[in-house]
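Computed from a predicted structure; not experimentally measured. These values consider heavy atoms only, across backbone and side chains, with no hydrogens, waters or symmetry-generated copies.
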Amino acid sequence: MKQVFGIPVVGALLLTACVTINVYFPAAEAKEAAREFVEKVIDEADKVNMQDESRKESSKDGGGGMAMLQRRFDFDPWMLIGIGSAHAQSAPDISIKTPAIQAIQARMEARFNSTLRAGFDSGALGFTSDGLISVRDAGKLELKDRVAMNAAVADDNRDRKAVYREVAVANGHPEWESQIRDVFAKQWVDSARSGWWYQSGGGWKQK
């Protein structure tokens, strides 16, 4: 059998195939990262409660480390072949723990609690379909609050664009930026509280 640098050709091709198969946009991991980020911004207490519920469900399912490993092997037998190539690509989980991302998250959380939450509660603000926020009804704001609210919305949208870009870059795939934005856009709506507004089908809907 022909060899390439001491590696059989068939083996080399198999390893290449494994790397190709494993390079994909990890949608489920991106959704979990978005959920963690968004819940932290919107309400820390809610995030803790959700984590508690998740741990309870994990206990019911026997979700220990060995059980998780067993499920992965049961679901994906190719892992036995591709395990050596797993580290040749970007990790499938989406990291949001870089200093830059956490700094943006902290600014957004502070801004949401100090200014934006009141805008969402009153119906003045809404989540747009592209992952940003907008003043949908300025009439819901008192005149004295409109300048500050518009400034907060502009600042928040800059941070939103920055975090979608930073998450993609931090995970080694800047080409994922638009997909990251789409996942976050859906998560903002999913995490929106009852009565908040969001864009859908070109119009506004109330959750």
Let me have the donor-acceptor pairs involving side chains of residues 115-124, under 3.5 Å, with sequence neighbours excluded, atom names and distances please.
from : atom 1 : to   : atom 2 : distance (Å)
R117 : NH1    : I42  : O      : 3.4
R117 : NH2    : I42  : O      : 2.5
R117 : NH2    : N113 : OD1    : 2.6
D121 : OD1    : W196 : NE1    : 2.8
S122 : OG     : A118 : O      : 3.2
S122 : OG     : G119 : O      : 3.1
S122 : OG     : A124 : N      : 3.3

Side chain to side chain contact (heavy atoms under 4.5 Å, CB included) between L132 and F127, worked out: CA-CA 6 Å; L132 303 179; F127 294 108; over 6 Å; no
Salt-bridge test for K161 and E166: reply yes if a basic N is under 4.0 Å from a carboxylate O, no otherwise. no
Is a side-chain donor or acceptor of R107 paired with a backbone partner of D159 at a separation under 3.5 angstrom? no
Would a single hydrophobic cluster contain both V153 and W204, if residues Ile, Leu, Val, Met, Phe, Trp and Tyr are joined by side-chain heavy-atom contacts under 4.5 Å? no
Flag, side chain of N157 to backbone of I133, donor-acceptor distance under 3.5 Å: yes
In terms of heavy-atom contacts, I96 and E36 come closest through CD1-CD, 4.0 Å
Looking at E177, is its backbone amide N or carbonyl O close enough to the side chain of R165 to form a donor-acceptor pair, meaning the two atoms are under 3.5 Å apart? no
Provide the closest heavy-atom pair for R35 versus E32 in the form atom of the first, atom of the second, distance. NH2-OE2, 3.0 Å
Closer than 3.5 angstrom, by distance alone: can the side chain of K207 be matched with the main-chain N or O of A192 as a donor-acceptor pair? yes
For a 4.5 angstrom cut-off between non-hydrogen side-chain atoms, does D43 reach R193? yes
Carefully, step by step, assess L125 and R136 under the rule side chain to side chain contact (heavy atoms under 4.5 Å, CB included). CA-CA 5 Å; L125 304 184; R136 56 166 294 276; 5.7 Å; no
D145 (side chain) donor-acceptor with L141 (main chain) under 3.5 angstrom: no
If we ignore hydrogens and angles and just use 3.5 Å, is the side chain of N171 paired with the main-chain N or O of H173 as donor and acceptor? no
Does Y164 use its side chain to pair, donor to acceptor, with the backbone of G131 at less than 3.5 Å? yes
Tell me, do M108 and D156 make a side-chain contact under 4.5 Å, heavy atoms counted? yes
When you measure from the centre of the six-membered ring of W188, is the NZ or CZ of R160 closer than 6.0 Å and no more than 45° off the axis? yes
List the steps, then state whether side chain to side chain donor-acceptor pair (under 3.5 Å) holds for Q199 with T128. CA-CA 5 Å; Q199 237 175 18; T128 65; 4.6 Å; no
